[in-house]
Amino acid sequence: VVMSGSSDEEVALQALQAGAQDYLIKGHVDGASLARSIRYAIGRAQAAEALRARTAEQRQQAKYLRTLIDLLPMFAWLKDTHSTYLTVNQAMAAARGMTVAQMEGASDAAFLPRELADASRADDVQVMTSLQRKTVEEVLGTVGGDVWVETYKVPVLDEDGSVLGTVGVARDIRERKAVEVAHKAALAEAERLARQRSAFLAQMSHELRTPLNGILGFAQLLQQDKGLDERQVRGLKIIRESGQHLLALINDILDLARID
């Protein structure tokens, strides 16, 4: 609090600009007004100190959050309701071949083909309209080439429920996609081999059973001949029993081969 005998407004203004909380003129100040001025100055000083402390706290929180999103092993970004990037992590900026500062304040239209930028904007609008999380597998264009990613987007809501924008993360799923492709290729190859085996078994069944059934059939016809002697009957019986045993063995082998 500055107290002066001068009533010059320019002097008062200079004092306030120099940091004074109030300017009092001698002879025009009583105890009540002086106390009021002192309380006002103390209150202003305390408010300024609280503001500085809050600003320092917010700055520290911002550094923690920046460190956190840059540490994430995935692409991360924050957008406003117009799909303008508020910030991104280092991984996202590097993938676009830009710096974080260059991406802040820009939209997808600045570095994506119009079709892809419009699709991204449509996704953002859907998330903000539905107020629901959206997960999708998509191809992300990077300076190193296209990358398969799994993208998660969620709306950001204010305390009153109004939409502030969206938050998104995308994780690299190239390894999983490679495994899926390899699995599909292996499955297709297994199905092809199974079809070949089925065709082979069908052919073998025909090639083995047809002549054997002929032998058994002729043996059965010969057994009906009443003019056969005992030796011939015994021989035909051996032929028929051996053929039936061999046929059963072939059937067992073919059935076992069909088991997957």
Exercise. Side-chain contact, heavy-atom cut-off 4.5 Å: Arg121 with Val125?
Worked result: yes
For this session: Decide yes or no for Lys134 and Tyr152: does some side-chain heavy atom of the first lie under 4.5 Å from some side-chain heavy atom of the second?
Result: no
For this session: Before giving the answer on side-chain contact (heavy atoms from CB on, under 4.5 Å), spell out for Thr142 and Arg96 the whole-Å C-alpha distance, their side-chain angles and the decisive distance to 0.1 Å.
Result: CA-CA 5 Å; Thr142 71; Arg96 297 298 192 194; 5.8 Å; no
Problem set entry | Option among Leu86, Thr84, Leu164, Asp124 that satisfies the side chain to side chain contact (heavy atoms under 4.5 Å, CB included) test with Lys79 | Asp124
For this session: Please name the pair of heavy atoms, one in Val100 and one in Ala93, separated by the smallest distance, quoted to 0.1 Å.
Result: N-CB, 3.7 Å
Exercise. Which pairs, with at least one residue in residues 236-250 and sequence neighbours excluded, count as a side-chain hydrogen bond (donor to acceptor under 3.5 Å, both in side chains)?
Worked result: Gln223-Arg240
Exercise. Between the side chain of Asn89 and the main-chain N/O of Ile69, is any donor-acceptor distance below 3.5 Å?
Worked result: yes
For this session: List the steps and the verdict of side-chain contact (heavy atoms from CB on, under 4.5 Å) for Leu212 and Ile250.
Result: CA-CA 10 Å; Leu212 188 55; Ile250 291 173; 3.9 Å; yes
Exercise. At what distance, to the nearest 0.5 angstrom, does CD of Gln90 lie from CZ of Phe75?
Worked result: 13.0 Å
Exercise. According to a 4.5 Å side-chain heavy-atom criterion applied to Ile, Leu, Val, Met, Phe, Trp and Tyr, with indirect links allowed, do Leu112 and Leu140 form part of one hydrophobic cluster?
Worked result: yes
Exercise. Quick one: does Met103's side chain get under 4.5 Å of Trp77's, heavy atoms only?
Worked result: no
Problem set entry | Student check: side-chain heavy atoms of Arg209 and Leu247 closer than 4.5 Å | yes
Problem set entry | Close side-chain approach of Arg133 and Lys153, heavy atoms under 4.5 Å | no
Exercise. Does some side-chain heavy atom of Glu138 sit less than 4.5 Å from a side-chain heavy atom of Val149?
Worked result: yes
Exercise. What's the shortest heavy-atom distance between Met128 and Thr81, and which atoms?
Worked result: CE-O, 3.5 Å
Problem set entry | Salt-bridge contact Asp172-Arg174 (side-chain N to carboxylate O under 4.0 Å) | yes
For this session: Check whether more than 12 heavy atoms from other residues, nucleotides or ligands sit under 6.0 Å from atom CD of Glu175, and answer yes or no.
Result: no
For this session: Check whether any side-chain heavy atom of Leu157 sits under 4.5 Å from a side-chain heavy atom of Leu131, and report yes or no.
Result: yes
Exercise. Counting only N and O atoms by type, is there a donor-acceptor contact under 3.5 Å from the side chain of Gln232 to the main-chain atoms of Asp229?
Worked result: yes
Exercise. With no hydrogens and no angle check, is any side-chain donor or acceptor of Ser162 less than 3.5 Å from a backbone partner on Asp158?
Worked result: no
Problem set entry | Contact summary for Ala219 and Ile239, nearest pair of heavy atoms | CB-CG2, 4.1 Å
For this session: Could you give me the CA-CA distance, side-chain angles and deciding distance for Glu49 and Arg52, then say whether side-chain contact (heavy atoms from CB on, under 4.5 Å) is met?
Result: CA-CA 5 Å; Glu49 180 60 29; Arg52 283 193 295 270; 2.6 Å; yes
Problem set entry | Gap between atom CG of Leu65 and atom CG of Leu78 - 0.5 Å precision | 9.0 Å
Exercise. How many angstroms lie between CD in Gln60 and OG1 in Thr55, if you round to the nearest 0.5 Å?
Worked result: 13.0 Å
Exercise. Would you say the side chain of Gln132 lies within less than 4.5 Å of the side chain of Val127, judging by non-hydrogen atoms?
Worked result: no
Exercise. When you look at CD of Glu115, are more than 12 heavy atoms from neighbouring residues, nucleotides or ligands closer to it than 6.0 Å?
Worked result: no
For this session: Using a cut-off of 6.0 Å, state whether more than 12 heavy atoms not belonging to Glu230 lie near its atom CD.
Result: no
Exercise. Which atoms form the tightest heavy-atom contact between Gly141 and Asp146, and what is the distance?
Worked result: CA-OD1, 3.6 Å
Exercise. If you group Ile, Leu, Val, Met, Phe, Trp and Tyr by side-chain heavy-atom gaps below 4.5 Å, do Ile215 and Leu246 land in one group?
Worked result: no
For this session: Treat each ILVMFWY residue as a node, draw an edge where side-chain heavy atoms are under 4.5 Å apart, and state whether Val147 and Val169 are in one component.
Result: no
Exercise. Same hydrophobic cluster for Leu228 and Phe218, using side-chain heavy-atom links shorter than 4.5 Å among ILVMFWY?
Worked result: no
For this session: Examine Val163 and Val167 and state if one hydrophobic cluster contains both, with Ile, Leu, Val, Met, Phe, Trp and Tyr joined whenever side-chain heavy atoms are less than 4.5 Å apart.
Result: no
For this session: Run the salt-bridge test on Arg176 and Glu180 with the 4.0 Å N-O cut-off and return the result as yes or no.
Result: yes
Seminar exercise, completed: Separation between CG (Leu236) and CZ (Arg234), nearest 0.5 Å, reads 11.0 Å
Exercise. More than 12 foreign heavy atoms under 6.0 Å from CZ of Arg192: is that the case here?
Worked result: yes
Exercise. Say you draw a straight line from CZ of Arg171 to CD of Glu137; how long is it, rounded to the nearest 0.5 Å?
Worked result: 8.5 Å
For this session: Taking atom types as modelled, find out whether Asp108 and Tyr85 have a side-chain donor-acceptor pair closer than 3.5 angstrom.
Result: yes
Exercise. Cut-off 3.5 Å, side chains only: do Thr87 and Arg66 have a donor facing an acceptor?
Worked result: yes
